[in-house]
K.L.:
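One structure follows; several queries about it will come next.
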There are 2 protein chains.
Amino acid sequence: MRTLKYAILGLVNRRSMTGYDISKEFGEELINFWSAKHSQIYPELKKLLDEGLVEYKIEITGDVLEKKVYTVTEKGRKDFLVWLEKDEKLEPPPKDQFRLRSYFSQLMEPSVYQKLLESQLDQRRKKLAKLNRLFLQYQQVPPFGSDKFGDYSVLAGARFREAAYIEWLELCLEAVKAEIKEKEK
Amino acid sequence: MRTLKYAILGLVNRRSMTGYDISKEFGEELINFWSAKHSQIYPELKKLLDEGLVEYKIEITGDVLEKKVYTVTEKGRKDFLVWLEKDEKLEPPPKDQFRLRSYFSQLMEPSVYQKLLESQLDQRRKKLAKLNRLFLQYQQVPPFGSDKFGDYSVLAGARFREAAYIEWLELCLEAVKAEIKEKEK
DNA sequence: TTAGTATTGTCCTTAAGGTTAAATAAGATT
DNA sequence: AATCTTATTTAACCTTAAGGACAATACTAA
């Protein structure tokens with residue numbers, strides 16, 4: 001369903017930007033639920049251009065470096081809004097390699113699985129701590145309609161998600177530890 | 001990293017099965033964190049065969065219908081175990097269309113976003129209820145190493161995930177409702 | 001002057017997923 | 001007994017998504 005199309009359209013709708021800027025955006029807040037390499041972005045921008053959904057002006061940085069600054073067209077804005085307001089069915093649950101490993105975990109030595117779990121936990125906790133630090137910026141929920149609401153909302157969502165993942169890992173870890181104790185008897 | 005390869009190898013390692021059986025497995029517990037269409041499975045099986053990681057025997061159903069029953073080879077089992085025990089860095093967060101919409105939600109009328117949120121909530125709650133029903137089967141945590149541990153673990157994980165998603169949706173809904181009330185004044 | 005950042009792009013491979021086709025089997029119905 | 005439906009089984013074909021590798025040039029600040 002070409003979702004990248006709408007991610008880009010949405011970003012360019014906020015403010016004019018270059019392909020490089022878009023690329024950077026995917027490395028900031030968006031990274032918690034969307035990403036794309038520049039090798040996807042540039043071809044997609046070209047496509048949007050062909051479809052008349054965006055247009056660009058060339059700006060010169062320094063002496064010669066040409067930047068293509070993209071702006072959304074009226075057609076593009078409409079197209080984006082139609083997508084934005086669409087009520088869709090749930091997507092299939094995301095693929096998750098670690099869950100796949102856990103599904104087959106009985107084939108490992110408990111101590112090996114324990115190590116994997118601890119490594120995951122460590123990484124997830126660090127990630128959550130980072131999200132929490134970002135979250136501190138918000139003294140209160142920014143009002144819906146304000147610039148900050150989107151950022152706040154997805155950040156809050158990412159925190160819930162990570163916290164839930166950690167809960168799950170802890171549960172698994174408990175079970176493995178119990179097993180190891182059992183064995184020692 | 002050809003994760004489908006390992007998903008299939010893991011399944012076939014449990015018990016011999018046909019492509020069709022594998023296909024069905026992806027529609028059951030696995031569906032909470034992995035899936036694949038048969039149009040991916042058959043080519044992958046052929047590849048695994050070429051690599052000597054699986055082999056098959058033909059069984060006849062009825063008079064003529066040939067079933068290819070796949071079994072993992074020793075080489076395949078080793079390959080699978082190496083993957084299984086690998087400690088990997090976190091994957092990038094999964095793409096999520098609804099989060100993307102939320103990120104841009106300020107561009108919608110609050111009432112429109114409210115409808116979207118309520119629809120998502122409805123669907124997620126139904127899904128969680130289904131997971132909870134399945135979860136009732138387990139009186140207690142099955143011991144690690146037992147057949148059921150994998151099933152239990154990923155089911156528990158799916159419950160945490162859905163519950164967290166619902167929490168997030170509720171938080172968003174609160175914010176939008178507050179905004180609507182504010183406006184009415 | 002050199003290292004790092006900015007900027008735009010192509011090419012190639014694999015992964016993913018949808019559509020269609022085609023044949024047989026098994027069970028239910030008329 | 002004939003027929004209808006649903007499940008089983010394998011497979012080709014096509015499109016999009018994703019991500020890594022390669023390439024080239026320009027600007028900025030230490």
K.L.:
Closest approach to the side chain of A:Ser39, judged atom by atom: which nucleotide of C:dT10, D:dA11, C:dT8 is it?
P.N.:
C:dT10
K.L.:
Start at the 5' end of DNA chain D and walk down; is the nucleotide closest to A:Thr3 or to A:Val64 reached first?
P.N.:
A:Thr3
K.L.:
For the residue pair B:Phe144 and B:Phe149, categorise the inter-ring angle as parallel (less than 30°), tilted (30 to 60°) or perpendicular (more than 60°).
P.N.:
perpendicular
K.L.:
A:Lys5 near the nucleic acid: base, sugar-phosphate alone, or nothing, with a heavy-atom cut-off under 4.0 Å?
P.N.:
nothing
K.L.:
Tell me whether the NZ or CZ atom of B:Arg99 lies within the 45° cone about the ring axis of B:Tyr165 and under 6.0 Å from its centre.
P.N.:
yes
K.L.:
Distance check needed: C:dT8 C1' versus A:Ile60 CD1, whole Å only.
P.N.:
13 Å
K.L.:
Give the nucleotide from the list D:dA18, D:dG20, D:dC27 with an atom nearest to the side chain of A:Leu65.
P.N.:
D:dC27
K.L.:
Please give, in whole Å, the distance from D:dT9 C1' to B:Tyr56 OH?
P.N.:
13 Å
K.L.:
A cation-pi test, strictly: NZ or CZ of A:Arg159 under 6.0 Å from the centre of the six-membered ring of A:Phe135 and no more than 45 degrees from its axis. Yes or no?
P.N.:
yes
K.L.:
Which nucleotide wins on minimum distance to the side chain of A:Tyr70, given the candidates C:dG17, D:dG19, C:dG9?
P.N.:
C:dG9
K.L.:
Check whether B:Trp83 forms a cation-pi arrangement with B:Arg2 (NZ or CZ under 6.0 Å from the six-membered ring centre, at most 45° off the ring normal).
P.N.:
no
K.L.:
In this structure, how many angstroms lie between the P atom of D:dA23 and the OH atom of A:Tyr42, rounded?
P.N.:
19 Å
K.L.:
Choose from C:dA16, D:dT9, C:dT20 the nucleotide whose nearest atom is closest to any side-chain atom of B:His38.
P.N.:
C:dT20
K.L.:
Taking 4.0 Å as the cut-off, does a side-chain nitrogen or oxygen of B:Gln40 come that near to OP1 or OP2 on C:dG17?
P.N.:
yes
K.L.:
Roughly how many Å is it from CE in A:Met1 to C1' in C:dA16, rounded to a whole number?
P.N.:
12 Å
K.L.:
Using the benzene-type ring in the case of Trp, are the ring centres of A:Tyr103 and B:Phe33 under 6.0 Å apart?
P.N.:
yes
K.L.:
Nearest whole angstrom, please: distance from the P of C:dG17 to the CZ of B:Phe26.
P.N.:
11 Å
K.L.:
For A:Leu4 and for B:Glu66, find the nucleotide of DNA chain D with the closest heavy atom, then tell me which residue's nucleotide is more 5'.
P.N.:
B:Glu66
K.L.:
Verify the contact: side-chain N or O of B:Lys37 to OP1 or OP2 of D:dT15, cut-off strictly under 4.0 Å; return yes or no.
P.N.:
no
K.L.:
With respect to the side chain of A:Lys68, which nucleotide from D:dT9, C:dA16, C:dG9 is positioned closest?
P.N.:
C:dG9
K.L.:
Round to a whole Å and report the spacing from CD1 of A:Ile58 to P of D:dA26.
P.N.:
14 Å
K.L.:
Quick one: which of C:dA16, C:dT8, C:dG17 gets closest to the side chain of A:Lys67?
P.N.:
C:dT8
K.L.:
What contact category does A:Ser23 fall into here, base, sugar-phosphate, or nothing, at under 4.0 angstrom with non-hydrogen atoms?
P.N.:
nothing
K.L.:
What is the distance, rounded to the nearest whole Å, between atom NZ of A:Lys46 and atom P of C:dC11?
P.N.:
9 Å
K.L.:
Without decimals, in angstroms, what is the distance between A:Ile8 CD1 and C:dT8 P?
P.N.:
13 Å
K.L.:
Please pick, from C:dG17, D:dA26, D:dA17, the nucleotide with the shortest atom-to-atom distance to any side-chain atom of A:Arg2.
P.N.:
D:dA17
K.L.:
D:dT10, C:dT7, C:dA16: which one has an atom nearest the side-chain heavy atoms of A:Tyr20?
P.N.:
C:dT7
K.L.:
Could you check whether B:Arg77 makes a cation-pi contact with B:Tyr6, meaning its NZ or CZ is under 6.0 Å from the centre of the six-membered ring and within 45° of the ring axis?
P.N.:
no
K.L.:
When we call it a touch if two heavy atoms are under 4.0 Å apart, what does A:Lys47 touch: a base, just sugar-phosphate, or nothing?
P.N.:
nothing
